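The structure appears right after this line, and notes come after that.
All figures in this text were calculated on a predicted structure; none of them were measured in a lab. Counting convention: from 1, in listed order, for ligands and their atoms alike.
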Amino acid sequence: MAISAKAVPQAIPRIAPREDLNVFRISQIQFDIAAEHLKLDQGLRQVLRTPKRIMEVSVPTKMDNGQVKVFQGYRVQHNVARGPAKGGIRYHPNVTLDEVKALAMWMTWKCAAVNIPFGGGKGGVICDPKRMSKSELERMTRRFCSEILPIIGPERDIPAPDVYTDSQTMAWFMDTYSMTVGHTALASVTGKPVPLGGSEGRNEATARGCLFVTEEACKTKKMNLRGATVAIQGFGNAGSIAARLFTEKKAKVVAISDSRGGVHNSRGIDPYKAARYKERSGTVVGMPGTSRISNDDLLTMKCDILIPAALETVITLNNADLVKAKIVAEAANGPTTPHADEALAKRGIMVLPDILANSGGVTTSYFEWVQDLQSFFWSEAEVNAKLEAVMKRSFQEVYETSRKNHVHMRTAAYMLAVGRVADATVVRGLFP
Ligand code: NAD
(Lines give C-alpha, C1' and ligand atoms only; values in the text may rest on other atoms or scores of the structure.)
Protein backbone atom coordinates (compact mmCIF):
# COMPACT_ATOMS: atom_id res chain seq x y z
CA MET A 1 0.00 0.00 0.00
CA ALA A 2 1.40 3.33 -1.01
CA ILE A 3 1.00 6.17 1.41
CA SER A 4 1.34 9.42 -0.42
CA ALA A 5 -0.80 12.47 -0.79
CA LYS A 6 -0.80 12.11 -4.61
CA ALA A 7 -3.90 12.97 -6.58
CA VAL A 8 -6.12 10.12 -7.77
CA PRO A 9 -8.89 11.50 -9.96
CA GLN A 10 -12.29 10.10 -9.05
CA ALA A 11 -15.83 11.42 -9.00
CA ILE A 12 -17.22 12.83 -5.74
CA PRO A 13 -18.64 9.75 -4.01
CA ARG A 14 -22.34 9.51 -4.71
CA ILE A 15 -24.57 9.32 -1.69
CA ALA A 16 -26.88 6.28 -1.82
CA PRO A 17 -30.26 7.18 -3.33
CA ARG A 18 -32.11 5.93 -0.25
CA GLU A 19 -30.97 7.53 2.91
CA ASP A 20 -28.81 5.27 5.05
CA LEU A 21 -29.08 6.06 8.75
CA ASN A 22 -26.26 3.77 9.90
CA VAL A 23 -23.99 6.25 11.65
CA PHE A 24 -20.75 4.49 10.81
CA ARG A 25 -21.59 4.52 7.12
CA ILE A 26 -22.58 8.19 7.48
CA SER A 27 -19.20 8.95 9.06
CA GLN A 28 -17.48 7.22 6.15
CA ILE A 29 -19.52 9.14 3.55
CA GLN A 30 -18.54 12.40 5.25
CA PHE A 31 -14.90 11.31 5.17
CA ASP A 32 -15.10 10.18 1.52
CA ILE A 33 -16.46 13.56 0.42
CA ALA A 34 -13.51 15.35 2.06
CA ALA A 35 -10.98 12.79 0.83
CA GLU A 36 -12.22 13.34 -2.71
CA HIS A 37 -11.88 17.12 -2.44
CA LEU A 38 -8.37 16.61 -1.04
CA LYS A 39 -7.61 14.05 -3.77
CA LEU A 40 -6.07 11.69 -1.22
CA ASP A 41 -4.27 8.54 -2.27
CA GLN A 42 -6.55 5.46 -2.18
CA GLY A 43 -4.33 3.53 0.25
CA LEU A 44 -4.23 6.47 2.61
CA ARG A 45 -8.03 6.70 2.44
CA GLN A 46 -8.29 3.08 3.56
CA VAL A 47 -6.04 3.77 6.53
CA LEU A 48 -8.01 6.84 7.57
CA ARG A 49 -11.55 5.54 7.12
CA THR A 50 -11.23 2.45 9.33
CA PRO A 51 -10.68 2.18 13.09
CA LYS A 52 -7.19 1.26 14.26
CA ARG A 53 -8.32 -0.88 17.19
CA ILE A 54 -11.62 -2.23 18.50
CA MET A 55 -12.05 -3.86 21.90
CA GLU A 56 -15.28 -5.62 22.83
CA VAL A 57 -15.68 -6.64 26.47
CA SER A 58 -18.14 -8.38 28.79
CA VAL A 59 -18.84 -6.42 31.93
CA PRO A 60 -20.20 -8.74 34.63
CA THR A 61 -21.81 -6.65 37.35
CA LYS A 62 -23.44 -7.56 40.63
CA MET A 63 -26.85 -5.90 40.75
CA ASP A 64 -28.46 -4.71 43.99
CA ASN A 65 -30.70 -7.78 44.10
CA GLY A 66 -27.61 -10.00 44.31
CA GLN A 67 -27.86 -11.30 40.75
CA VAL A 68 -25.10 -10.90 38.19
CA LYS A 69 -25.85 -9.15 34.91
CA VAL A 70 -23.38 -9.14 32.02
CA PHE A 71 -23.26 -5.90 30.02
CA GLN A 72 -21.55 -5.51 26.68
CA GLY A 73 -19.02 -2.73 26.29
CA TYR A 74 -16.76 -1.33 23.58
CA ARG A 75 -13.71 0.87 23.27
CA VAL A 76 -12.72 1.95 19.77
CA GLN A 77 -9.53 3.80 18.85
CA HIS A 78 -10.02 5.19 15.41
CA ASN A 79 -6.72 6.93 14.75
CA VAL A 80 -3.71 7.97 16.84
CA ALA A 81 -1.48 9.52 14.18
CA ARG A 82 -1.47 12.93 15.93
CA GLY A 83 -1.50 11.80 19.57
CA PRO A 84 -3.26 9.54 22.09
CA ALA A 85 -6.87 8.54 21.42
CA LYS A 86 -9.41 10.77 23.13
CA GLY A 87 -13.14 10.37 23.48
CA GLY A 88 -16.11 9.88 25.73
CA ILE A 89 -17.88 6.89 27.22
CA ARG A 90 -21.59 6.51 26.49
CA TYR A 91 -24.09 4.53 28.58
CA HIS A 92 -27.29 3.95 26.58
CA PRO A 93 -29.55 1.01 25.71
CA ASN A 94 -29.10 1.73 21.97
CA VAL A 95 -25.28 1.74 21.93
CA THR A 96 -23.96 -0.35 19.02
CA LEU A 97 -20.46 -1.07 17.83
CA ASP A 98 -21.15 0.89 14.64
CA GLU A 99 -22.22 3.89 16.71
CA VAL A 100 -19.03 3.74 18.80
CA LYS A 101 -16.93 3.40 15.61
CA ALA A 102 -18.61 6.48 14.13
CA LEU A 103 -18.20 8.48 17.33
CA ALA A 104 -14.50 7.48 17.51
CA MET A 105 -13.91 8.56 13.90
CA TRP A 106 -15.67 11.90 14.55
CA MET A 107 -13.33 12.40 17.53
CA THR A 108 -10.29 12.02 15.25
CA TRP A 109 -11.56 14.75 12.93
CA LYS A 110 -12.74 16.95 15.81
CA CYS A 111 -9.33 16.99 17.50
CA ALA A 112 -7.69 17.73 14.17
CA ALA A 113 -10.26 20.39 13.22
CA VAL A 114 -9.32 22.44 16.29
CA ASN A 115 -5.68 21.34 16.01
CA ILE A 116 -5.18 19.70 19.40
CA PRO A 117 -2.68 16.81 19.60
CA PHE A 118 -5.07 13.91 20.08
CA GLY A 119 -6.43 11.10 17.97
CA GLY A 120 -9.97 9.77 18.17
CA GLY A 121 -11.51 7.18 20.45
CA LYS A 122 -14.88 6.37 21.97
CA GLY A 123 -16.44 3.89 24.34
CA GLY A 124 -19.88 2.66 25.15
CA VAL A 125 -21.76 0.19 27.31
CA ILE A 126 -25.16 -1.17 26.33
CA CYS A 127 -27.18 -0.50 29.48
CA ASP A 128 -30.10 1.55 30.72
CA PRO A 129 -28.54 3.87 33.32
CA LYS A 130 -31.92 5.36 34.21
CA ARG A 131 -32.95 1.97 35.58
CA MET A 132 -29.74 1.37 37.53
CA SER A 133 -28.87 2.48 41.06
CA LYS A 134 -25.78 4.58 41.74
CA SER A 135 -23.98 1.60 43.28
CA GLU A 136 -24.82 -0.60 40.27
CA LEU A 137 -23.46 2.11 37.97
CA GLU A 138 -20.32 2.35 40.08
CA ARG A 139 -19.67 -1.40 39.96
CA MET A 140 -20.36 -1.55 36.20
CA THR A 141 -18.10 1.46 35.57
CA ARG A 142 -15.21 0.04 37.60
CA ARG A 143 -15.44 -3.34 35.87
CA PHE A 144 -15.70 -1.74 32.42
CA CYS A 145 -12.63 0.39 33.20
CA SER A 146 -10.76 -2.69 34.35
CA GLU A 147 -11.71 -4.60 31.18
CA ILE A 148 -10.48 -1.89 28.80
CA LEU A 149 -7.50 -0.96 31.00
CA PRO A 150 -4.92 -2.72 28.78
CA ILE A 151 -5.51 -0.18 26.01
CA ILE A 152 -6.18 3.07 27.92
CA GLY A 153 -3.95 5.43 29.91
CA PRO A 154 -2.65 9.02 29.88
CA GLU A 155 -0.35 8.39 26.89
CA ARG A 156 -2.60 5.95 25.05
CA ASP A 157 -6.29 6.71 25.26
CA ILE A 158 -8.06 9.11 27.61
CA PRO A 159 -11.81 8.63 28.24
CA ALA A 160 -14.26 11.42 29.12
CA PRO A 161 -18.02 11.76 29.77
CA ASP A 162 -20.65 11.46 27.04
CA VAL A 163 -24.38 10.70 27.05
CA TYR A 164 -25.53 9.51 30.51
CA THR A 165 -22.04 9.56 32.02
CA ASP A 166 -20.69 12.46 34.08
CA SER A 167 -17.89 13.67 36.37
CA GLN A 168 -18.79 11.02 38.97
CA THR A 169 -18.39 8.29 36.34
CA MET A 170 -14.98 9.75 35.50
CA ALA A 171 -13.97 9.82 39.19
CA TRP A 172 -14.72 6.06 39.44
CA PHE A 173 -12.79 5.48 36.21
CA MET A 174 -9.78 7.43 37.41
CA ASP A 175 -9.81 5.69 40.80
CA THR A 176 -10.04 2.21 39.24
CA TYR A 177 -7.23 3.00 36.81
CA SER A 178 -5.07 4.49 39.60
CA MET A 179 -5.62 1.59 42.04
CA THR A 180 -4.64 -0.87 39.30
CA VAL A 181 -1.45 0.86 38.18
CA GLY A 182 -0.50 1.64 41.79
CA HIS A 183 -0.32 5.43 41.68
CA THR A 184 -2.72 8.33 41.28
CA ALA A 185 -3.04 8.93 37.55
CA LEU A 186 -4.89 12.24 37.24
CA ALA A 187 -4.40 12.43 33.47
CA SER A 188 -6.02 9.02 32.82
CA VAL A 189 -9.47 10.55 32.17
CA THR A 190 -10.90 14.05 31.72
CA GLY A 191 -14.20 15.58 32.74
CA LYS A 192 -13.35 14.72 36.35
CA PRO A 193 -14.65 16.68 39.37
CA VAL A 194 -12.50 19.79 39.94
CA PRO A 195 -11.16 18.60 43.36
CA LEU A 196 -9.84 15.49 41.61
CA GLY A 197 -7.75 17.14 38.91
CA GLY A 198 -10.70 18.26 36.81
CA SER A 199 -10.44 21.56 34.97
CA GLU A 200 -12.35 24.70 35.82
CA GLY A 201 -14.72 25.37 32.94
CA ARG A 202 -14.83 21.78 31.64
CA ASN A 203 -18.45 21.22 32.64
CA GLU A 204 -19.61 24.21 30.57
CA ALA A 205 -17.00 23.85 27.81
CA THR A 206 -19.06 22.03 25.16
CA ALA A 207 -21.85 24.58 25.37
CA ARG A 208 -19.44 27.51 25.68
CA GLY A 209 -17.54 26.41 22.59
CA CYS A 210 -20.84 26.11 20.76
CA LEU A 211 -21.71 29.65 21.82
CA PHE A 212 -18.34 31.03 20.60
CA VAL A 213 -18.70 29.55 17.11
CA THR A 214 -22.35 30.58 16.89
CA GLU A 215 -21.35 34.16 17.73
CA GLU A 216 -18.85 34.06 14.88
CA ALA A 217 -21.44 32.55 12.53
CA CYS A 218 -23.91 35.31 13.42
CA LYS A 219 -21.31 37.91 12.40
CA THR A 220 -20.88 36.32 8.97
CA LYS A 221 -24.67 36.21 8.52
CA LYS A 222 -25.05 39.76 9.86
CA MET A 223 -27.40 38.41 12.51
CA ASN A 224 -27.68 39.71 16.03
CA LEU A 225 -27.39 37.02 18.69
CA ARG A 226 -29.10 39.41 21.09
CA GLY A 227 -32.81 38.77 20.63
CA ALA A 228 -32.28 35.77 18.34
CA THR A 229 -34.66 32.87 19.03
CA VAL A 230 -33.07 29.54 19.92
CA ALA A 231 -34.53 26.00 20.02
CA ILE A 232 -32.52 23.31 21.81
CA GLN A 233 -33.07 19.57 21.53
CA GLY A 234 -31.69 17.72 24.58
CA PHE A 235 -31.40 19.20 28.06
CA GLY A 236 -28.34 17.45 29.45
CA ASN A 237 -24.78 18.71 29.84
CA ALA A 238 -24.56 20.24 26.35
CA GLY A 239 -28.17 21.41 25.94
CA SER A 240 -29.03 22.78 29.38
CA ILE A 241 -25.78 24.74 29.67
CA ALA A 242 -26.20 26.06 26.12
CA ALA A 243 -29.65 27.31 27.19
CA ARG A 244 -28.05 29.17 30.08
CA LEU A 245 -25.12 30.64 28.13
CA PHE A 246 -27.22 31.75 25.14
CA THR A 247 -29.69 33.39 27.54
CA GLU A 248 -26.79 35.22 29.24
CA LYS A 249 -26.01 36.66 25.78
CA LYS A 250 -29.64 37.87 25.58
CA ALA A 251 -30.72 35.33 22.99
CA LYS A 252 -34.23 33.98 23.65
CA VAL A 253 -34.54 30.23 24.22
CA VAL A 254 -38.04 29.46 22.94
CA ALA A 255 -38.01 25.65 23.06
CA ILE A 256 -36.18 22.88 24.92
CA SER A 257 -36.66 19.12 25.08
CA ASP A 258 -35.43 15.84 26.51
CA SER A 259 -36.08 12.17 25.88
CA ARG A 260 -39.69 12.53 27.05
CA GLY A 261 -40.65 15.45 24.76
CA GLY A 262 -40.34 19.20 24.48
CA VAL A 263 -41.80 22.48 25.68
CA HIS A 264 -42.25 25.84 23.99
CA ASN A 265 -42.84 29.46 24.94
CA SER A 266 -42.45 32.18 22.32
CA ARG A 267 -41.71 34.75 25.06
CA GLY A 268 -38.72 32.70 26.23
CA ILE A 269 -37.98 29.93 28.73
CA ASP A 270 -35.93 30.63 31.86
CA PRO A 271 -33.09 28.03 31.71
CA TYR A 272 -32.53 28.11 35.48
CA LYS A 273 -36.21 27.42 36.20
CA ALA A 274 -36.18 24.68 33.55
CA ALA A 275 -33.13 23.04 35.15
CA ARG A 276 -34.76 23.14 38.59
CA TYR A 277 -38.01 21.75 37.17
CA LYS A 278 -36.13 18.92 35.41
CA GLU A 279 -34.21 18.17 38.60
CA ARG A 280 -37.49 17.71 40.46
CA SER A 281 -39.61 16.00 37.78
CA GLY A 282 -36.98 14.18 35.72
CA THR A 283 -38.12 15.97 32.55
CA VAL A 284 -38.79 19.45 31.18
CA VAL A 285 -42.21 18.33 29.99
CA GLY A 286 -44.99 19.96 32.01
CA MET A 287 -42.91 22.97 33.05
CA PRO A 288 -45.34 25.75 34.09
CA GLY A 289 -45.79 28.55 31.53
CA THR A 290 -44.90 26.38 28.54
CA SER A 291 -46.88 24.42 25.98
CA ARG A 292 -45.93 20.90 25.01
CA ILE A 293 -44.30 20.11 21.66
CA SER A 294 -42.71 16.96 20.31
CA ASN A 295 -39.01 16.54 19.62
CA ASP A 296 -39.86 16.47 15.89
CA ASP A 297 -41.79 19.76 16.13
CA LEU A 298 -38.87 21.39 17.90
CA LEU A 299 -36.51 20.69 15.00
CA THR A 300 -38.78 22.35 12.45
CA MET A 301 -40.21 25.21 14.49
CA LYS A 302 -39.68 28.86 13.64
CA CYS A 303 -36.44 30.02 15.25
CA ASP A 304 -33.17 31.67 14.27
CA ILE A 305 -30.79 29.13 15.79
CA LEU A 306 -31.41 25.41 16.18
CA ILE A 307 -29.16 23.47 18.56
CA PRO A 308 -29.48 19.70 18.36
CA ALA A 309 -27.90 18.55 21.66
CA ALA A 310 -29.15 14.98 22.07
CA LEU A 311 -28.49 12.08 19.73
CA GLU A 312 -27.57 11.25 16.11
CA THR A 313 -29.54 11.39 12.83
CA VAL A 314 -32.37 13.66 13.90
CA ILE A 315 -32.16 15.99 10.86
CA THR A 316 -32.72 13.78 7.84
CA LEU A 317 -34.26 13.94 4.37
CA ASN A 318 -37.63 13.64 6.10
CA ASN A 319 -37.45 17.00 7.85
CA ALA A 320 -34.49 18.97 6.43
CA ASP A 321 -36.72 20.95 4.07
CA LEU A 322 -38.89 21.95 7.02
CA VAL A 323 -36.07 23.33 9.16
CA LYS A 324 -36.61 27.10 9.52
CA ALA A 325 -33.54 28.10 11.52
CA LYS A 326 -30.85 30.23 9.83
CA ILE A 327 -28.06 28.51 11.77
CA VAL A 328 -27.90 24.91 12.98
CA ALA A 329 -25.24 24.58 15.69
CA GLU A 330 -24.53 20.89 16.26
CA ALA A 331 -23.84 20.46 19.98
CA ALA A 332 -24.66 16.75 19.53
CA ASN A 333 -22.49 14.39 17.52
CA GLY A 334 -23.88 13.35 14.15
CA PRO A 335 -27.35 14.95 14.29
CA THR A 336 -27.49 15.71 10.53
CA THR A 337 -27.28 13.15 7.73
CA PRO A 338 -25.29 13.83 4.52
CA HIS A 339 -28.54 14.11 2.51
CA ALA A 340 -29.91 16.61 5.00
CA ASP A 341 -26.62 18.55 4.82
CA GLU A 342 -27.14 19.07 1.10
CA ALA A 343 -30.79 20.06 1.57
CA LEU A 344 -29.93 22.61 4.27
CA ALA A 345 -27.00 24.05 2.29
CA LYS A 346 -29.23 24.51 -0.77
CA ARG A 347 -31.55 26.66 1.32
CA GLY A 348 -28.69 28.79 2.66
CA ILE A 349 -28.91 27.39 6.20
CA MET A 350 -25.49 27.44 7.82
CA VAL A 351 -24.68 24.23 9.66
CA LEU A 352 -21.93 24.52 12.25
CA PRO A 353 -20.77 20.91 12.11
CA ASP A 354 -20.37 18.81 15.25
CA ILE A 355 -16.61 18.47 14.81
CA LEU A 356 -16.41 22.25 15.16
CA ALA A 357 -19.50 23.24 17.16
CA ASN A 358 -19.10 20.79 20.05
CA SER A 359 -15.30 20.69 20.06
CA GLY A 360 -15.18 22.99 23.10
CA GLY A 361 -15.61 19.86 25.23
CA VAL A 362 -12.56 18.05 23.95
CA THR A 363 -10.54 21.27 23.76
CA THR A 364 -11.05 21.86 27.48
CA SER A 365 -10.44 18.15 28.11
CA TYR A 366 -7.09 18.75 26.42
CA PHE A 367 -6.50 21.66 28.82
CA GLU A 368 -7.44 19.37 31.72
CA TRP A 369 -4.98 16.70 30.56
CA VAL A 370 -2.21 19.30 30.21
CA GLN A 371 -2.94 20.68 33.71
CA ASP A 372 -2.97 17.15 35.19
CA LEU A 373 0.35 16.24 33.56
CA GLN A 374 1.93 19.44 34.86
CA SER A 375 0.12 19.39 38.23
CA PHE A 376 -0.38 23.09 37.66
CA PHE A 377 -3.94 24.39 37.48
CA TRP A 378 -5.46 27.39 35.74
CA SER A 379 -8.30 29.73 36.73
CA GLU A 380 -11.67 29.50 35.02
CA ALA A 381 -11.06 32.83 33.29
CA GLU A 382 -7.76 31.51 31.89
CA VAL A 383 -9.42 28.30 30.64
CA ASN A 384 -12.30 30.18 29.03
CA ALA A 385 -9.96 32.68 27.35
CA LYS A 386 -7.86 29.84 25.88
CA LEU A 387 -11.03 28.08 24.74
CA GLU A 388 -12.34 31.23 23.10
CA ALA A 389 -9.09 31.66 21.17
CA VAL A 390 -9.17 28.07 19.87
CA MET A 391 -12.86 28.18 18.92
CA LYS A 392 -12.68 31.53 17.13
CA ARG A 393 -9.52 30.62 15.25
CA SER A 394 -11.02 27.29 14.24
CA PHE A 395 -14.25 28.89 13.06
CA GLN A 396 -12.30 31.33 10.88
CA GLU A 397 -10.18 28.53 9.39
CA VAL A 398 -13.25 26.45 8.57
CA TYR A 399 -15.14 29.46 7.20
CA GLU A 400 -12.22 30.48 4.95
CA THR A 401 -11.84 26.90 3.70
CA SER A 402 -15.56 26.83 2.96
CA ARG A 403 -15.43 30.06 0.95
CA LYS A 404 -12.25 29.19 -0.90
CA ASN A 405 -13.46 25.75 -1.97
CA HIS A 406 -17.18 26.55 -2.38
CA VAL A 407 -18.18 23.80 0.02
CA HIS A 408 -20.47 23.88 3.03
CA MET A 409 -19.08 24.16 6.53
CA ARG A 410 -19.05 20.42 7.28
CA THR A 411 -17.03 19.54 4.23
CA ALA A 412 -14.73 22.49 4.95
CA ALA A 413 -14.15 21.32 8.54
CA TYR A 414 -13.49 17.79 7.26
CA MET A 415 -11.07 19.06 4.62
CA LEU A 416 -9.04 20.83 7.29
CA ALA A 417 -9.20 17.94 9.75
CA VAL A 418 -8.66 15.06 7.34
CA GLY A 419 -5.85 17.02 5.68
CA ARG A 420 -4.06 17.39 9.03
CA VAL A 421 -4.40 13.71 9.91
CA ALA A 422 -3.35 12.72 6.39
CA ASP A 423 -0.24 14.92 6.61
CA ALA A 424 0.72 13.38 9.97
CA THR A 425 0.18 9.86 8.61
CA VAL A 426 2.21 10.47 5.46
CA VAL A 427 5.14 12.07 7.27
CA ARG A 428 5.21 9.28 9.89
CA GLY A 429 5.22 6.65 7.15
CA LEU A 430 3.85 3.13 7.27
CA PHE A 431 5.26 0.88 10.02
CA PRO A 432 7.24 -1.39 9.69
P1 NAD B 1 -26.39 14.08 28.64
O2 NAD B 1 -26.54 12.67 29.04
O3 NAD B 1 -25.90 15.05 29.66
O4 NAD B 1 -27.77 14.64 28.04
C5 NAD B 1 -28.46 14.02 27.01
C6 NAD B 1 -29.79 14.73 26.86
O7 NAD B 1 -30.43 14.25 25.67
C8 NAD B 1 -30.75 14.47 28.01
O9 NAD B 1 -31.45 15.67 28.32
C10 NAD B 1 -31.73 13.45 27.44
O11 NAD B 1 -33.01 13.50 28.03
C12 NAD B 1 -31.78 13.92 25.99
N13 NAD B 1 -32.24 12.87 25.10
C14 NAD B 1 -31.95 11.55 25.10
N15 NAD B 1 -32.62 10.93 24.12
C16 NAD B 1 -33.34 11.88 23.48
C17 NAD B 1 -34.22 11.86 22.40
N18 NAD B 1 -34.49 10.73 21.75
N19 NAD B 1 -34.80 13.03 22.01
C20 NAD B 1 -34.50 14.16 22.66
N21 NAD B 1 -33.67 14.26 23.69
C22 NAD B 1 -33.10 13.12 24.11
O23 NAD B 1 -25.44 14.08 27.36
P24 NAD B 1 -24.55 15.26 26.78
O25 NAD B 1 -23.18 15.10 27.33
O26 NAD B 1 -25.25 16.56 26.91
O27 NAD B 1 -24.47 14.82 25.25
C28 NAD B 1 -25.45 15.25 24.31
C29 NAD B 1 -24.83 15.23 22.92
O30 NAD B 1 -23.69 16.09 22.93
C31 NAD B 1 -24.31 13.87 22.46
O32 NAD B 1 -24.45 13.76 21.07
C33 NAD B 1 -22.86 13.92 22.83
O34 NAD B 1 -22.08 13.00 22.07
C35 NAD B 1 -22.57 15.36 22.48
N36 NAD B 1 -21.35 15.90 23.09
C37 NAD B 1 -21.22 16.00 24.44
C38 NAD B 1 -20.05 16.50 24.97
C39 NAD B 1 -19.84 16.67 26.45
O40 NAD B 1 -18.81 17.24 26.83
N41 NAD B 1 -20.75 16.27 27.30
C42 NAD B 1 -19.01 16.92 24.12
C43 NAD B 1 -19.18 16.82 22.74
C44 NAD B 1 -20.36 16.32 22.25
Q. Just which atoms of ligand 1 are under 4.0 Å from any heavy atom in R90?
A. 31 (C), 32 (O), 33 (C), 34 (O)
Q.
Tell me the contacting part of E312 for ligand 1: side chain, backbone, both, or neither, using a 4.0 Å heavy-atom threshold, strictly below.
A. neither
Q: Could you check atom 33 (C) of ligand 1 against the protein and tell me its nearest heavy-atom contact, residue, atom and distance included?
A: D162 OD1, 3.3 Å
Q.
Using side chain to side chain contact (heavy atoms under 4.5 Å, CB included), reason through D341 and H408 one step at a time and then give a plain yes or no.
A. CA-CA 8 Å; D341 264 338; H408 55 60; 4.0 Å; yes
Q: Could you check which of A332, S259, A331 puts a non-hydrogen atom nearest to atom 12 (C) of ligand 1?
A: S259
Q: Using distance alone, determine whether K110 and ligand 1 share an N or O pair under 3.5 Å.
A: no
Q: Would you confirm whether K278, through its side chain, and V285, through its main-chain N or O, come within 3.5 Å as a donor-acceptor pair?
A: no
**Q.** More than 12 heavy atoms of other groups within 6.0 Å of K62 NZ
**A.** no
Q: Could you label the plane-to-plane angle of the W109 and F31 rings as parallel, tilted or perpendicular, counting under 30° as parallel and over 60° as perpendicular?
A: parallel
Q: Using distance alone, decide if ligand 1 has a nitrogen or oxygen within less than 3.5 Å of any nitrogen or oxygen in N237.
A: yes
Q: Mind checking whether T206 contacts ligand 1 via backbone (N, CA, C, O), side chain (CB onward), both or neither, at a 4.0 Å heavy-atom cut-off?
A: side chain
(Q) Quick one about T290 and N265 (side-chain donor to acceptor, distance below 3.5 Å, no hydrogens or angles considered), yes or no? (A) no
Q.
Under the side-chain contact (heavy atoms from CB on, under 4.5 Å) test against I315, which residue among T300, L344, I349 passes?
A. L344
Q: Flag A310 as yes when one of its N or O atoms lies below 3.5 Å from any N or O atom of ligand 1, and as no otherwise.
A: yes
(Q) So if I count the atoms of ligand 1 from 1 in the order they appear, which ones are less than 4.0 Å from some heavy atom of R202? (A) 40 (O)
Q) N/O of G236 under 3.5 Å from N/O of ligand 1, yes or no? A) yes
Q | Y91, Y164, W106: member with heavy atom nearest to atom 10 (C) of ligand 1 | A | Y164
Q. Starting from atom 27 (O) of ligand 1, which protein heavy atom do you reach first, and at what distance in Å?
A. V163 CG2, 3.7 Å
Q) Considering distance alone, does some N or O of L311 sit under 3.5 Å from an N or O of ligand 1? A) no
Q | Aromatic ring pairing F367/W378, orientation class (parallel under 30°, perpendicular over 60°, tilted between) | A | tilted
Q. Counting only heavy atoms, which portion of P335 has something under 4.0 Å from ligand 1: side chain, backbone, both, or neither?
A. neither
Q) Looking at D258, which atoms of ligand 1 are within less than 4.0 Å of one of its heavy atoms? A) 9 (O), 11 (O), 20 (C), 21 (N), 22 (C)
Q. Of all the non-hydrogen atoms in the protein, which one sits nearest to atom 9 (O) of ligand 1, and at what distance?
A. F235 N, 3.0 Å
(Q) Tell me the nearest of N295, I355, T363 to atom 19 (N) of ligand 1, using heavy-atom distances. (A) N295
Q) Is there a side-chain contact between S199 and Y366 (heavy atoms, below 4.5 Å)? A) no
Q.
Below 3.5 Å, N or O to N or O, backbone or side chain included: is there any such pair between H92 and ligand 1?
A. no
(Q) Heavy atom to atom 44 (C) of ligand 1, shortest distance: which of I241, N203, D296, N333 holds it? (A) N333
Q.
With a 6.0 Å cut-off (strictly less than), is the heavy-atom count around NZ of K392, excluding the residue itself, greater than 12?
A. yes
Q: Determine whether the side chains of T176 and R142 contain a donor N or O and an acceptor N or O closer than 3.5 Å.
A: yes
Q) Going by the order shown, which atoms of ligand 1 are within less than 4.0 Å of some heavy atom of N358? A) 43 (C), 44 (C)
Q | R403 atom CZ: more than 12 heavy-atom contacts under 6.0 Å | A | no
Q | Residue that, paired with D304, satisfies salt bridge (Lys or Arg N to Asp or Glu O under 4.0 Å) out of R226, K324, K326 | A | K326
Q) Any N or O of A238 that comes nearer than 3.5 Å to an N or O of ligand 1? A) yes
(Q) Geometry only, no angles: is K130 polar-contacting ligand 1 at N/O separations under 3.5 Å? (A) no
Q: Would you mind checking which non-hydrogen protein atom is closest to atom 28 (C) of ligand 1, with the distance to 0.1 Å?
A: A309 O, 3.4 Å
Q: Could you tell me whether the side chains of T141 and Y91 share a donor-acceptor contact shorter than 3.5 Å?
A: yes
(Q) Looking only at distances, can you tell me whether any N or O atom of Q233, backbone or side chain, sits closer than 3.5 Å to an N or O atom of ligand 1? (A) no
Q) Is it true that the side chains of Q72 and Y74 contain a donor and an acceptor less than 3.5 Å apart? A) yes
